[in-house]
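Everything on this sheet refers to the single structure shown next.
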Amino acid sequence: MPEKKQGFAFEQSLTELDALVQQMESGDMSLEESLKAFEKGVKLTRECQKALTEAEQRVQQLLENQGQLETRPFDQTEGE
């Protein structure tokens, strides 16, 4: 069986972000632990947002090709 490519695990990151929020909302963390959790949460949020934006752009590329479903390499500089 082919090995999956190592990359960003969107669902895992969302689960981790949800766990961080629950921990912080519980009020059982010290200020230092809360700050570290907040920093990690911001990082996870940014990574998830980037993954969503890239997925949206890939879908848009598929839809804009004269109705033909065709993939092409993703170019981040395109459209900027």
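Atoms considered below: every heavy atom in the structure, side chains included; atoms not considered: hydrogens, waters and symmetry mates.
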What heavy-atom pair brings Ala51 and Phe10 nearest, and what distance separates the two atoms?
-> CB-CD1, 4.1 Å
With sequence neighbours excluded, what pairs up with Glu33 under the salt bridge (Lys or Arg N to Asp or Glu O under 4.0 Å) test?
-> none
Determine whether Leu44 and Lys40 make a side-chain contact, defined as any pair of heavy atoms from C-beta on separated by less than 4.5 Å.
-> yes
Search all heavy atoms of Leu14 against all heavy atoms of Cys48 and return the closest pair with its distance.
-> CD2-SG, 4.1 Å
Hey, are Arg58 and Glu54 close enough for a salt bridge, meaning a charged N less than 4.0 Å from a carboxylate O?
-> no
When rounded to the nearest 0.5 Å, the distance separating CG of Asp18 from CD of Gln23 is 10.0 Å
The reported gap from CD in Glu25 to OG in Ser34 (rounded to nearest 0.5 angstrom) is 11.5 Å
Out of curiosity, Glu39 CD to Leu35 CG, how far, rounded to the nearest 0.5 Å?
-> 6.5 Å
Are Val42 and Met29 joined in one hydrophobic group, where the rule is that I, L, V, M, F, W and Y side chains link up if heavy atoms are under 4.5 Å apart?
-> yes
Euclidean distance, Ser13 OG relative to Arg46 CZ, rounded to 0.5 Å | 14.5 Å
